[in-house]
Amino acid sequence: MRKKGSEIIGRIVIMEIAENENQLFDEVMRIVNQFSAIHKFDVSSEPIVSVSGIEIHTECRKVYRSGEEIPLTAKEYDLLYLLAEHKGIVLTYDQIYQRIWKDYSHAVENNTIGYHICKMKKKVCPVTSESKFTIRCVRGIGYCLDVLAE
């Protein structure tokens, strides 16, 4: 960047390099680092958990399907995120209650968890047969987010 009077003259270069192109990235950074006048800014993308067409944006606590936001309550979001983090694994009622409500479960809390899961499933799981995942109740044990075979 050069300064010409009160006007700054410069160029901005934005690059996206795939994870498998480490050599290319290293070479570009070697060249860039040779020039002290170059200002570098790292822009990291928002962490996203993606499960079969559903995107969970962890920084802003929003959920999207096909670019459309799915409005969830705080508990519904927490439950979906917890199940997505552990997809394919059955989480017990106790594990879910401790993680979401930060307390130890007594048998009556199973109904509380079931109520919130049911409301969340109505919003998140499409009614159509195109659904690529399901949230499965394992009676007496807990819940599991299963990704269905393509």
Side-chain angles (χ1 to χ4, degrees), residues 10-36 38-150:
R11 293 198 172 118
I12 296 174
V13 177
I14 298 173
M15 297 174 38
E16 184 173 339
I17 298 176
E19 288 182 28
N20 63 347
E21 296 176 321
N22 291 333
Q23 286 180 319
L24 174 61
F25 177 77
D26 292 341
E27 181 63 20
V28 168
M29 291 310 296
R30 186 186 65 72
I31 293 168
V32 167
N33 288 327
Q34 291 176 1
F35 299 94
S36 62
I38 294 178
H39 299 281
K40 296 168 270 188
F41 299 95
D42 288 328
V43 179
S44 60
S45 59
E46 177 184 3
I48 297 174
V49 175
S50 184
V51 178
S52 296
I54 298 290
E55 290 183 350
I56 303 169
H57 295 245
T58 59
E59 301 260 325
C60 62
R61 293 179 56 90
K62 292 187 177 189
V63 177
Y64 297 89
R65 177 180 44 240
S66 303
E68 298 278 326
E69 182 179 352
I70 302 170
L72 297 177
T73 67
K75 292 296 184 212
E76 291 166 354
Y77 172 88
D78 291 340
L79 284 164
L80 178 61
Y81 181 71
L82 177 66
L83 292 170
E85 267 189 320
H86 298 90
K87 65 183 170 207
I89 299 171
V90 176
L91 297 175
T92 67
Y93 288 109
D94 287 337
Q95 290 171 322
I96 294 169
Y97 201 78
Q98 286 173 19
R99 288 282 299 276
I100 305 302
W101 281 270
K102 312 285 189 238
D103 198 2
Y104 289 97
S105 171
H106 308 293
V108 293
E109 278 80 4
N110 296 2
N111 291 335
T112 300
I113 294 168
Y115 170 79
H116 287 282
I117 293 269
C118 182
K119 285 184 62 178
M120 182 258 297
K121 280 177 67 171
K122 285 180 183 176
K123 296 175 183 179
V124 174
C125 297
V127 181
T128 65
S129 61
E130 296 172 19
S131 182
K132 297 177 183 158
F133 71 94
T134 185
I135 298 172
R136 174 173 52 99
C137 175
V138 181
R139 183 141 338 267
I141 306 294
Y143 288 91
C144 178
L145 188 147
D146 288 325
V147 177
L148 305 175
E150 298 283 330

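Note that the structure is predicted; figures quoted are calculated from it, not measured.
A donor-acceptor pair is defined here as one N or O able to donate and one able to accept, closer than 3.5 Å; no such pair exists between the side chain of R136 and the backbone of Y143. The backbone N or O of L24 sits nowhere less than 3.5 Å from a side-chain atom of E27 that would complete a donor-acceptor pair. Checking side-chain atoms of E68 against main-chain N and O of R65 turns up no donor-acceptor pair under 3.5 Å.
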#### Entry: I54 and Y64: CA distance, side-chain angles, deciding distance, side chain to side chain contact (heavy atoms under 4.5 Å, CB included) verdict
CA-CA 6 Å; I54 298 290; Y64 297 89; over 6 Å; no

### Query
Please walk me through it: do D94 and I96 pass side chain to side chain contact (heavy atoms under 4.5 Å, CB included)?
CA-CA 5 Å; D94 287 337; I96 294 169; over 6 Å; no

### Query
Given the rule in the side chain to side chain contact (heavy atoms under 4.5 Å, CB included) test, do V124 and L72 qualify, once you have shown the distances and angles that lead to the verdict?
CA-CA 9 Å; V124 174; L72 297 177; 3.9 Å; yes

### Task
Go through the steps for L80 and L145 under the test side chain to side chain contact (heavy atoms under 4.5 Å, CB included), then give the verdict.
CA-CA 9 Å; L80 178 61; L145 188 147; 4.3 Å; yes

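Residues Y97 and D103 share a closest heavy-atom pair of CD2-O, 3.5 Å. Residues H116 and L79 share a closest heavy-atom pair of CB-CD1, 3.4 Å. Across every non-hydrogen atom of E55 and H57, the tightest pair is OE1-NE2, 3.3 Å. Across Y77 and K62, no two heavy atoms sit closer than the pair CE1-N, 3.9 Å. Taking each heavy atom of K123 and P71 in turn, the nearest pair found is CD-O, 3.3 Å. In terms of heavy-atom proximity, Y93 sits nearest to G142 at CE1-N, 3.6 Å.
Remark: T92 OG1 to I113 CD1 distance equals 8.0 Å, nearest 0.5 Å. With rounding to the nearest 0.5 angstrom, the CG atom of L82 is 4.5 Å from the CD1 atom of I100. The distance from the NZ atom of K122 to the CD1 atom of I117 is 13.5 Å, given to the nearest 0.5 Å. The SG atom of C125 sits 7.0 Å away from the CE atom of M120 when rounded to the nearest 0.5 Å. Once rounded to the nearest 0.5 Å, the distance linking NZ of K87 with CD1 of I135 reads 13.0 Å.
Between the side chains of E85 and Y81, at least one donor-acceptor pair of N or O atoms lies under 3.5 Å.
Using a cutoff of 4.0 Å between basic side-chain nitrogens and carboxylate oxygens, R61 and D78 are scored as salt-bridged.
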